[in-house]
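See structure below.
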Amino acid sequence: MDDKYSKLNEMQQRAVFQTEGPVLILAGAGSGKTRVLTHRISYLVEELGVPSYKILAITFTNKAAKEMRERASSLVGEKVKDAWICTFHSACIRILKQFADRIGYEKNFTIYDPEDQKAVIRRIMKELNLSDKMFTPKAILAAISNAKDELTGPKKYMESVANGDLFKKKVALVYEQYQKTLLENQAMDFDDIIANTVKLFQTDASVLNYFQEKFRYLMVDEYQDTNTAQYILIRLLADKYRNLCVVGDDDQSIYRFRGANIRNILDFEKDFKDALVIRLEQNYRSTQKILDAANHVIQNNESRKSKKLWTDNGDGEDILVHESWNENEEATYVCTEMRRLVDEGAYHFRDMAILYRTNAQSRALEERLVMAAIPYRLYGGTPFYQRKEVKDILCYLRLIANDHDYVAAERIINVPTRGIGAVTSERVREFAVEGEWGISEVLDMSPEVPDLKRASAKLTAFGALLQGFRTAVEDGMRISDLGRKILKDTAYLDYLKADDPTKFEDREENVDELLSRADQYEAENEEASLAGFLDELALVAAIDEFEEGADVVSLMTLHSAKGLEFPVVFMTGMEDGVFPGYMSMTSNDPDDLEEERRLCYVGITRAQKKLYLTHAKSRHVHGMEQLSKASCFLSELPARGIVRESADDGMDRAQSSYQGDSSSYRRDTPVYGRTGRSLWAEEIRERQNPYLSRRSAAPSPVKGTAPTVQAPKDMEMLQPGDTVSHVKFGLGTVLEVKPVNADYQVKVRFAKVGEKVLFARLAKLKKL
């Protein structure tokens with residue numbers, strides 16, 4: 001036997017050599033599942049003499065399929081060229097291109113992309129007199145897609161919603177006509193590709209038998225991510241010879257919102273009573289302390305198959321759990337650590353990733369990265385200030401500030417929809433440019449302009465709206481309040497919700513994040529202005545694109561990070577209500593919280609050598625500063641191998657370590673000032689990273705007991721360390737208290753504005 005198989009560990013060898021009958025390979029994170037699959041293909045072809053055309057290996061992404069093909073070819077060369085190593089969709093398209101005529105389609109059928117689908121839906125809705133404001137094409141398509149994932153056709157769907165709500169009944173009407181239209185146009189959408197292949201197999205026994213004979217050996221990667229249609233497809237193909245090998249990790253099932261059904265992998269042994277279960281638990285990616293953290297967190301899930309990751313990589317460094325005052329200081333801490341690691345020569349920026357639960361969280365991180373001159377690339381999403389909803393509101397603000405910003409005008413003149421078509425919009429821009437007029441001037445003149453007369457009522461109404469916003473600015477309205485006025489007067493949030501209900505919450509969070517940024521700008525700038533705010537954001541938004549492989553930090557959601565790995569990982573926003581999300585914490589379905597915990601497990605296991613878990617005492621949510629509680633997942637970490645840094649008064653945990661020079665400190669024993677910020681971080685911020693906003697240095701730890709201060713009888717006494725709230729400055733922590741006549745003076749460090757000395761009676765501080 002080829003020596004290449006001896007390099008596999010014992011469990012990997014079992015997975016490779018067990019080729020007959022049903023096999024479930026529970027492949028923990030970083031356990032080498034792709035290596036197992038490719039060696040399995042090699043073993044079948046080289047050692048057992050199986051023709052490669054009798055092998056079907058399915059995965060979920062084109063990238064994964066390409067990697068698997070290349071690695072299999074490197075093992076057996078041309079012998080593997082006839083194997084089908086592909087995605088679900090590409091496999092089904094190949095099948096349907098041969099036999100689509102058996103289900104009423106021509107073999108040269110068209111595949112509709114999402115834009116094509118929406119065009120069909122809009123036409124049908126128009127024919128059915130359905131308002132696209134009440135029932136958006138995207139929302140209807142999402143419902144139809146979910147039905148197809150469950151192999152629920154139009155007739156069955158209509159029967160199931162007979163007693164349902166109005167939306168579902170309307171979906172049923174559109175769904176029936178939609179499928180009829182697709183057939184008339186000889187077209188399928190992406191969901192049809194799977195569903196119609198299942199239909200083909202279920203209605204034509206000869207075709208099913210042909211492919212059962214053809215694919216005597218089936219392998220399915222990422223089995224935990226399969227939906228019902230994919231599950232039935234695989235069961236049909238494997239039903240005759242039962243040589244089915246599925247590989248997956250129930251602990252990494254995080255796509256339920258896309259239709260993935262974790263029961264497919266959990267119930268595999270029920271479907272195949274004689275299935276052999278092989279656990280790949282040796283991890284080749286991470287250190288043991290990182291794996292211990294992942295093991296401790298995920299063991300709190302009940303719906304899982306037991307497994308425990310281990311490694312020969314050694315214990316590695318402690319995991320750092322860091323608490324900051326707010327999301328801005330959290331981002332500052334992350335940037336400071338990144339700069340330190342690079343300056344020490346231990347890592348490059350390309351070795352690091354910042355992970356977060358929702359895209360809205362990237363705003364503070366992106367700003368601090370730019371200020372710190374740290375290059376980055378945002379994956380799995382659009383840079384914060386380029387996201388549609390953020391850009392729309394910014395364009396309103398830009399047009400309010402500068403009436404000659406024709407680009408901004410063109411973007412929002414019909415957003416939300418106000419009946420101004422693309423041709424009219426172009427005429428407005430052309431007339432303004434030719435006459436060097438401001439946009440508002442053109443809107444006011446529109447009744448007298450021949451090309452604009454027909455739309456003049458709508459144009460002048462839009463002009464009046466802009467003038468109302470400008471008047472509010474002249475009257476001194478705060479920028480954040482102006483943003484809220486724009487949302488209200490234009491009904492922008494209603495527009496977002498109607499556009500795509502499935503993305504509304506994320507988009508609303510992004511708008512809230514922009515308004516929170518305006519609040520912070522005004523709190524930090526005494527002479528705040530709309531023009532100044534836009535200038536500041538222009539600097540942040542002007543980020544160069546980096547080439548693939550460039551030395552840049554990766555930013556992405558936890559969902560986007562699945563399948564990737566980095567030497568250094570920062571998991572941010574580890575707070576209840578953020579991660580896990582509020583909905584999952586309050587849900588009556590325990591599966592919701594368990595999926596969030598699996599997502600945490602995925603994040604932890606992305607790290608190879610260093611892992612940071614960060615959270616904040618307060619965070620801006622929906623435009624308001626709110627106290628935050630550390631994520632429940634942090635309480636599930638093991639006692640061993642964890643170092644916790646608190647934003648509270650950390651004197652009781654201070655350890656002498658700092659040696660005076662920024663390059664000579666022991667990282668594992670930080671010294672805390674009364675603000676709880678480690679002194680090494682202050683030193684690094686001042687000496688190594690002048691790009692970050694500087695704050696006053698933390699006071700040195702005070703030994704002994706502070707003198708007792710008596711409060712006036714009609715006032716509540718405050719003590720150092722108390723968390724307080726101020727009507728203007730927000731949340732803060734009391735640093736010092738001393739009596740002054742009938743009052744007492746309080747030094748408070750506020751999250752937004754730094755240290756302030758206040759008289760308690762006048763400040764009306766509220767103890768929390």
Measuring from [X]:[atom1] to [Y]:[atom2], what's the distance to the nearest 0.5 Å?
X	Y	atom1	atom2	answer
D512	R507	CG	CZ	14.5 Å
R258	R256	CZ	CZ	14.5 Å
W84	R94	CH2	CZ	4.5 Å
D591	I262	CG	CD1	7.5 Å
Q230	I58	CD	CD1	8.5 Å
I412	I393	CD1	CD1	9.5 Å

Side chains of [X] and [Y], heavy atoms from C-beta outward: is any pair under 4.5 Å?
X	Y	answer
K562	E222	yes
D132	R122	no
T557	N359	yes
F60	H89	no
R619	E575	yes
F201	V198	no
F88	I234	yes
L37	I25	no

Check whether the side chains of [X] and [Y] place a donor and an acceptor atom closer than 3.5 Å, and report yes or no.
X	Y	result
S584	S587	no
Q361	T358	yes
D392	Y492	yes
H620	E513	no

Can you name the side chain to side chain donor-acceptor pair (under 3.5 Å) partners of N209, sequence neighbours left out?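 Once residues adjacent in sequence are excluded, the partners of N209 under the side chain to side chain donor-acceptor pair (under 3.5 Å) criterion are K240.
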
Below 4.0 angstrom, N of the basic side chain to O of the carboxylate: do R363 and E509 qualify?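 Here R363 does not pair with E509 in a salt bridge, since their nearest N and O are not under 4.0 Å apart.
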
Using a strict cut-off of less than 4.0 Å between a Lys/Arg side-chain nitrogen and an Asp/Glu carboxylate oxygen, indicate whether K503 and D506 qualify as a salt bridge.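 Result for this pair is no, no salt bridge flagged.
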
What is the minimum heavy-atom distance between [X] and [Y], and which atoms define it?
X	Y	answer
E508	L493	OE2-CD1, 4.1 Å
A27	K33	CB-CB, 3.7 Å
L141	Q117	CD2-NE2, 3.6 Å
M68	T59	CE-CB, 4.4 Å
Y601	D251	CD2-O, 3.4 Å
A65	C86	CB-CA, 3.9 Å

Of the options I121, D499, L130, I124, which is the one that meets P137 in a side chain to side chain contact (heavy atoms under 4.5 Å, CB included)?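 Considering I121, D499, L130, I124, a side chain to side chain contact (heavy atoms under 4.5 Å, CB included) with P137 is found only for I121.
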
Under the criterion side chain to side chain contact (heavy atoms under 4.5 Å, CB included), which of V220, T226, L24 is the partner of I265?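 Among V220, T226, L24, the one meeting side chain to side chain contact (heavy atoms under 4.5 Å, CB included) with I265 is L24.
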
Has R411 got its NZ or CZ under 6.0 Å from the middle of the six-membered ring of Y396, at an angle within 45 degrees of the ring axis?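 No cation-pi geometry.
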
Does NZ or CZ of R102 lie under 6.0 Å from the centre of the six-membered ring of F99, at an angle within 45° of the ring axis?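 R102 over F99 ring: no.
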
Please enumerate all residues that pass side-chain contact (heavy atoms from CB on, under 4.5 Å) together with [X], with sequence neighbours excluded.
X	answer
M134	S131
N243	E20, Y217, Y241
E302	E594
L182	Y105, Y112, K148, Y178, Q179, A187, D189, D192

Atom [atom1] of [X] with >12 non-hydrogen neighbours under 6.0 angstrom:
X	atom1	result
K458	NZ	no
K199	NZ	no
M585	CE	yes
K97	NZ	yes
Q299	CD	yes

Audit row: D271, Y231, side chain to side chain donor-acceptor pair (under 3.5 Å) steps and yes/no: CA-CA 11 Å; D271 296 334; Y231 166 79; 2.7 Å; yes

What about H559 and F257, are their ring centers closer than 6.0 Å?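 Yes; F257 has its ring centre under 6.0 Å from that of H559.
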
Quick check against the 3.5 Å criterion: does T181 have a side-chain atom that pairs as donor or acceptor with the backbone of Q177?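 Side chain of T181 to backbone of Q177: a pair is present.
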
Looking only at atom types and distance, does a side-chain atom of N300 sit under 3.5 Å from a main-chain N or O of H296, one as donor and one as acceptor?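 Such a contact is found between N300 side chain and H296 backbone.
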
Audit row: T228, E150, side chain to side chain donor-acceptor pair (under 3.5 Å) steps and yes/no: CA-CA 5 Å; T228 299; E150 294 298 319; 3.0 Å; yes

Show your reasoning for whether side chain to side chain donor-acceptor pair (under 3.5 Å) applies to R387 and S362. CA-CA 12 Å; R387 293 169 192 165; S362 74; 2.9 Å; yes

Before you tell me yes or no, could you show the steps for M556 and L378 under side-chain contact (heavy atoms from CB on, under 4.5 Å), namely the whole-Å CA-CA distance, both residues' side-chain angles and the distance that decides it to 0.1 Å? CA-CA 6 Å; M556 64 189 73; L378 191 74; over 6 Å; no

Check against salt bridge (Lys or Arg N to Asp or Glu O under 4.0 Å), R598 and D250: CA-CA 8 Å; R598 291 194 292 270; D250 51 301; over 6 Å; no

Before giving the answer on side-chain contact (heavy atoms from CB on, under 4.5 Å), spell out for L555 and Y379 the whole-Å C-alpha distance, their side-chain angles and the decisive distance to 0.1 Å. CA-CA 6 Å; L555 271 71; Y379 290 88; over 6 Å; no

Considering only distance and modelled atom types, tabulate donor-acceptor pairs under 3.5 Å from the side chains of residues 155-173, sequence neighbours left out.
| residue | atom | partner | partner atom | Å |
| --- | --- | --- | --- | --- |
| S160 | OG | Y157 | O | 2.7 |
| D165 | OD1 | F167 | N | 3.3 |
| D165 | OD1 | K168 | N | 2.9 |

Assess whether side-chain contact (heavy atoms from CB on, under 4.5 Å) is satisfied between M188 and L96, documenting all intermediate values. CA-CA 11 Å; M188 298 184 196; L96 290 171; 3.9 Å; yes

Just do the side-chain contact (heavy atoms from CB on, under 4.5 Å) check on D191 and D149 with the steps written out, would you? CA-CA 7 Å; D191 297 310; D149 284 347; 3.5 Å; yes

